[in-house]
**Student:** 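Dumping the structure here so I can ask a few things about it.
Note that the structure is a prediction, hence the values are computed from the model and not measured.
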Amino acid sequence: MNRLRTKRGVMRRRWRGWTEDGFVGGFEALPFGFLIFVSGTLLLANAWAVVDAHVAATSAATEAVRTFVESSGDPALARQAGEQAALDALAGQGKSASRAVVTWEGADLVRCQPVSVTVTYRVPTISVPWLGSFGNGLVRTSARHTEVVDPWRDGLDVDGFDAGACVG
């Protein structure tokens, strides 16, 4: 009986010492794990900001082209209205209009003319520990949308218009 009590006493001491050593040995890893968690969260926030800005730029490009194509009269006024529609679409999604650049391609109000708009938006990023900041603190995202001026719409010049060349 004496031997069993002694063995149990030794095992208890060993077991107790092992759990205490494990706790002390793992405690210094907690701040390191927390730093990894914070860095990962900041990285995901940066990625989401770029995706959100791309979605906003896509809707802005769509609104700009649609406003241009549906307007009638002077192409310069239609282009100005399209740019204003793009900036309004960005502002509606909480984006700053000063970070956006709107570029046009084929901006003529001629039947069957394809019109393209590219909206480029600069996204500010946060500096992530160990990784730094991406693109010197700014990442550019852009979206492009193209529509064709309706060949059968009212309000445009009909001189020299050939509907067969449009549909073909």
**Student:** Quick one: closest heavy-atom pair of Leu87 and Ala97, and the distance?
**Tutor:**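 Distance-wise, the nearest heavy atoms are CD2-CB, 3.9 Å.
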
**Student:** Please report the shortest heavy-atom distance between Ala85 and Thr67, naming the atom on each side.
**Tutor:**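 In terms of heavy atoms, the two residues are closest at CB-OG1, 3.3 Å.
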
**Student:** Is Phe34 reachable from Leu43 through a run of I, L, V, M, F, W or Y residues, each pair having side-chain heavy atoms under 4.5 Å apart?
**Tutor:**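 Same cluster.
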
**Student:** Which is it for Asp74 and Arg79 under the salt bridge (Lys or Arg N to Asp or Glu O under 4.0 Å) test, yes or no, and what are the steps along the way?
**Tutor:** CA-CA 9 Å; Asp74 187 21; Arg79 183 175 171 175; over 6 Å; no

**Student:** Atom CD in Gln113, atom CZ in Phe68: separation rounded to 0.5 Å?
**Tutor:**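 So the gap between those two atoms works out to 8.5 Å.
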
**Student:** Less than 4.5 Å apart, any side-chain heavy atom of Ser71 and any of Leu109?
**Tutor:**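 Yes, their side chains come closer than 4.5 Å.
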
**Student:** Is a donor on one side and an acceptor on the other found under 3.5 Å between the side chain of Asn46 and the backbone of Thr125?
**Tutor:**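 Not a single qualifying donor-acceptor pair exists.
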
**Student:** A side-chain contact here means heavy atoms from C-beta on lying under 4.5 Å apart; do His54 and Val123 qualify?
**Tutor:**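 Not in contact.
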
**Student:** Looking only at heavy atoms, which two atoms of Ala86 and Ala64 are closest? And how far apart?
**Tutor:**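 Where Ala86 meets Ala64 most closely, the heavy atoms are CB-CB, 3.8 Å.
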
**Student:** Quick check for you: to the nearest 0.5 Å, what is the distance between Thr141 atom OG1 and Arg122 atom CZ?
**Tutor:**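 Between atom OG1 of Thr141 and atom CZ of Arg122 there are 13.0 Å.
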
**Student:** Establish whether Ile126 and Val38 are linked, either directly or via other cluster members, by ILVMFWY side-chain heavy-atom contacts under 4.5 Å.
**Tutor:**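 Yes, it is one cluster - the side chains of Ile126 and Val38 are joined through contacts under 4.5 Å.
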
**Student:** Considering non-hydrogen atoms only, spot the tightest contact between Val148 and Val69 and give its length.
**Tutor:**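 What the structure gives for the nearest pair is O-CG1, 3.8 Å.
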
**Student:** For Gln93, I'd like to know if atom CD has over 12 heavy atoms of other residues, nucleotides or ligands within 6.0 Å.
**Tutor:**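 Yes.
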
**Student:** Flag the pair Val115 / Trp104 as yes when at least one side-chain heavy-atom distance between them is below 4.5 Å, and no otherwise.
**Tutor:**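 Val115 vs Trp104: side chains touch.
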
**Student:** Yes or no on side chain to side chain donor-acceptor pair (under 3.5 Å) for Ser142 and Thr120, after CA distance, side-chain angles and deciding distance?
**Tutor:** CA-CA 4 Å; Ser142 62; Thr120 305; 4.6 Å; no

**Student:** Less than 4.5 Å apart, any side-chain heavy atom of His145 and any of Glu63?
**Tutor:**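 Not touching, per the 4.5 Å side-chain cut-off.
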
**Student:** For the atom pair CD (Glu83) and OG1 (Thr103), what is the distance rounded to the nearest 0.5 Å?
**Tutor:**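 OG1 of Thr103 is found 9.5 Å from CD of Glu83.
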
**Student:** Is a side-chain N or O of Arg99 found less than 3.5 angstrom from the main chain of Pro124, in a donor-acceptor match?
**Tutor:**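 Answer holds: no.
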
**Student:** Is Tyr121 close to Val101 at the side-chain level, that is, under 4.5 Å between some pair of heavy atoms?
**Tutor:**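 Sidechains of Tyr121 and Val101: no contact.
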
**Student:** Quick check: do Arg144 and Ser116 have side-chain heavy atoms less than 4.5 Å from each other?
**Tutor:**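 The answer is yes, as the side chains (C-beta and beyond) meet within the 4.5 Å cut-off.
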
**Student:** Does any N or O in the side chain of Ser39 come within less than 3.5 Å of the main-chain N or O of Ile36, such that one atom is a donor and the other an acceptor?
**Tutor:**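 Between the backbone of Ile36 and the side chain of Ser39 there is no qualifying donor-acceptor contact (under 3.5 Å).
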
**Student:** So Val102 and Val117, do their side chains get closer than 4.5 Å, heavy atoms only?
**Tutor:**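 When only atoms from C-beta onward are counted, Val102 and Val117 do touch, with a gap below 4.5 Å.
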
**Student:** Over all heavy atoms of both residues, which pair between Ser96 and Ser98 is shortest? Give the atoms and the distance, please.
**Tutor:**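 Answer, listing the atom of Ser96 first, then Ser98: OG-OG, 2.8 Å.
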
**Student:** How close do Thr146 and Val65 get, heavy atom to heavy atom, and via which atoms?
**Tutor:**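 It is C-CG1, 4.3 Å.
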
